[in-house]
Structure formats: C-alpha cells, structure tokens
Enquirer: 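Here it is: the structure, laid out below.
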Amino acid sequence: MKKILFVCLGNICRSPMAEYIFKDLVKEEGLKEKYKIDSAGTSSEESGNDMHYGTKEKLDENHIPYGKHRARKMTKEDYNNYDYIIGMEYSNIRNILRIVGQDDENKVHRLLDYTENPRDIADPWYTGNFEITYQDIIEGCNAFLRYLESGNK
Ligand code: 4NP
C-alpha cells in the first residue's frame with residue numbers, strides 16, 4: 001500500500017481538495033485498496049475547521065464525494081507514517097522541511113513537479129480563484145497517479 005499525505009498551509013483549501021480528488025481518481029480506476037490518502041497543513045491556524053466553502057463548491061460541482069473534514073497540522077510522525085508528502089507550492093515544501101527536519105528518504109515533493117509544466121499551485125485563500133486551483137490539482141493528481149502506477153517508486 002502506498003501512503004500519501006497532501007499538504008498545504010491551512011488544510012482547508014488546496015490539500016483537502018487534492019485528497020478528495022485523488023481518492024475519487026483511485027476509486028474510479030479500481031485502485032482504492034492500494035492507497036491510503038490524507039491531508040494536513042503546515043500551520044495550526046485552521047486546526048479543527050471544515051473545508052473552505054470554495055473548495056466544497058468545486059468538489060460538489062464536479063460530483064467528487066467528500067466526508068467531514070477537520071483541518072490538522074502535520075507532525076513529524078507523519079513523515080514516518082507516509083511514503084509521499086506532497087506540497088502544493090514551494091513555500092509548503094520549506095515549511096514541511098521545518099517540521100520534519102531532513103528529507104532523508106526523499107518523500108517530500110511538489111504536486112505539479114509530476115506534470116510537464118512544473119509550478120506552484122496558487123493559494124485560493126488569497127486569490128479567491130478556486131477554479132484555477134481545481135484545474136491545477138486535477139492536472140497534478142492525474143500526473144502523480146500515472147507516475148505511481150507506471151512502476152516508478
Ligand atoms: P490552504 O489555504 O493552505 O490552501 O488551505 C489557506 C487557508 C487558510 C490560511 C492560509 C491559507 N490562513 O492563513 O488561515
């Protein structure tokens with residue numbers, strides 16, 4: 001089983017969107033049993049809070065199911081418990097490394113680095129544009145799943 005933790009700053013906009021999109025993708029492809037998927041934030045600012053309304057709206061529009069979400073801050077233990085720690089933008093990667101120390105096992109990556117156009121996913125908390133976030137995350141999740149299923153470790 002491959003264990004994946006998606007990480008953003010607050011764990012209310014981008015990383016839960018990635019969590020539920022990726023869960024839906026693996027379910028649709030009959031791969032559900034092969035993956036454990038969760039999300040977390042690098043800040044405790046929103047801890048305990050539900051997803052942002054804008055994220056829920058995009059998931060609803062695209063018929064992607066989600067459960068009750070409670071934001072949480074990622075911990076050092078998460079580094080041991082997951083195989084892939086996937087940040088949304090470069091500043092997430094920096095913050096993740098602050099929490100975990102060194103990435104000795106090369107687990108920490110940026111989502112859109114799996115695509116042909118590596119870039120950050122802008123924070124919709126600031127931009128207000130959840131549609132661009134949704135399109136970026138769909139592109140990243142598809143590329144990441146192709147990578148994982150192509151025999152790469
Ligand atoms: P996210 O967006 O990292 O995509 O969940 C944010 C949500 C909340 C805050 C920042 C970013 N905040 O500062 O509370």
Side-chain angles (χ1 to χ4, degrees), residues 2-28 35-103 105-148:
K2 287 173 179 156
K3 297 176 202 145
I4 298 159
L5 184 67
F6 292 106
V7 178
C8 61
L9 179 58
N11 190 218
I12 61 166
C13 299
R14 292 165 295 175
S15 62
M17 191 186 282
E19 173 189 341
Y20 293 113
I21 286 174
F22 201 81
K23 279 180 172 165
D24 190 54
L25 263 181
V26 299
K27 186 168 154 243
E28 290 298 312
Y35 291 96
K36 175 186 156 130
I37 304 151
D38 197 7
S39 66
T42 58
S43 141
S44 57
E45 189 79 25
E46 300 285 346
S47 286
N49 289 345
D50 198 355
M51 276 185 287
H52 192 287
Y53 174 78
T55 289
K56 286 189 181 180
E57 198 174 51
K58 284 295 152 201
L59 294 173
D60 287 338
E61 258 175 47
N62 292 283
H63 311 290
I64 294 167
Y66 52 88
K68 174 99 188 90
H69 178 76
R70 277 173 58 86
R72 71 171 181 93
K73 183 178 176 184
M74 91 165 271
T75 64
K76 207 169 168 153
E77 291 74 64
D78 285 322
Y79 188 79
N80 300 323
N81 294 336
Y82 289 87
D83 303 310
Y84 294 89
I85 316 277
I86 304 294
M88 301 293 121
E89 61 179 318
Y90 184 66
S91 70
N92 301 147
I93 305 294
R94 260 200 334 262
N95 292 331
I96 291 165
L97 294 177
R98 252 183 229 130
I99 293 168
V100 306
Q102 270 187 287
D103 181 18
E105 296 177 63
N106 192 29
K107 293 179 171 183
V108 181
H109 302 277
R110 189 175 63 162
L111 183 60
L112 293 181
D113 283 345
Y114 291 96
T115 72
E116 286 177 3
N117 182 14
R119 62 198 189 277
D120 283 342
I121 297 178
D123 194 337
W125 171 264
Y126 299 109
T127 66
N129 192 331
F130 284 81
E131 178 57 25
I132 287 181
T133 306
Y134 177 78
Q135 295 300 337
D136 282 351
I137 291 178
I138 286 280
E139 181 184 343
C141 284
N142 275 307
F144 183 39
L145 185 57
R146 275 199 309 277
Y147 166 83
L148 292 168

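Just follow the structure's listing: the first ligand is 1, and inside any ligand the first atom is 1.
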Enquirer: Is there side-chain contact between Met51 and Tyr20, with at least one heavy-atom pair below 4.5 Å?
Expert: yes
Enquirer: Between Glu139 and Arg119, does any side-chain N to carboxylate O distance fall below 4.0 Å?
Expert: yes
Enquirer: Can you tell me the protein heavy atom closest to atom 4 (O) of ligand 1 and the distance?
Expert: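 Ranked first by proximity to atom 4 (O) of ligand 1 is Arg14 NE, 2.7 Å.
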Enquirer: What protein heavy atom lies closest to atom 5 (O) of ligand 1? Include the residue and the distance to one decimal.
Expert: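 Going by distance alone, atom 5 (O) of ligand 1 is nearest to Cys13 N, 2.9 Å.
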Enquirer: Looking at ligand 1, does any of its N/O atoms fall within less than 3.5 Å of an N/O of Gly10?
Expert: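 Such a contact does occur with ligand 1.
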Enquirer: Is it true that the side chains of Tyr66 and Asp60 contain a donor and an acceptor less than 3.5 Å apart?
Expert: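 Yes, a side-chain donor-acceptor pair sits under 3.5 Å.
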Enquirer: Under 6.0 Å between ring centres: does that hold for His52 and Phe130?
Expert: yes
Enquirer: Within the 4.0 Å heavy-atom shell around Leu9, which atoms of ligand 1 are there?
Expert: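 Every atom of ligand 1 under 4.0 Å from some heavy atom of Leu9: 3 (O), 10 (C), 11 (C).
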Enquirer: Hey, is Glu45 touching ligand 1 through its side chain, its backbone, both or neither, going by heavy atoms under 4.0 Å?
Expert: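 Side chain only.
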Enquirer: Suppose we measure from atom 13 (O) of ligand 1 to each protein heavy atom; which comes out shortest, and what is that distance?
Expert: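 Sorting protein heavy atoms by distance from atom 13 (O) of ligand 1 puts Trp125 NE1, 3.8 Å first.
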Enquirer: May I ask you to identify, for Asp123, whether its side chain, its backbone, both or neither come under 4.0 Å of ligand 1 on a heavy-atom basis?
Expert: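 Only the side chain of Asp123 comes within reach of ligand 1.
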Enquirer: Can you tell me the protein heavy atom closest to atom 1 (P) of ligand 1 and the distance?
Expert: Cys8 SG, 3.5 Å
Enquirer: Using the ring of Tyr79 (Phe, Tyr or Trp, six-membered ring only), decide whether Lys107 places NZ or CZ under 6.0 Å from its centre and within 45 degrees of its axis.
Expert: yes
Enquirer: For the aromatic rings, using the six-membered ring if either is Trp, is the centroid distance between Tyr84 and Phe144 under 6.0 Å?
Expert: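 Yes, close enough.
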Enquirer: Under a 3.5 Å cutoff, is there a donor and acceptor pairing between the side chains of Asn142 and Tyr114?
Expert: no
Enquirer: With backbone taken as N, CA, C and O and side chain as the heavy atoms from C-beta onward, which portion of Glu46 lies under 4.0 Å from ligand 1: side chain, backbone, both, or neither?
Expert: side chain
Enquirer: Is there a polar contact, in the sense of an N or O pair closer than 3.5 Å, between Pro124 and ligand 1?
Expert: no
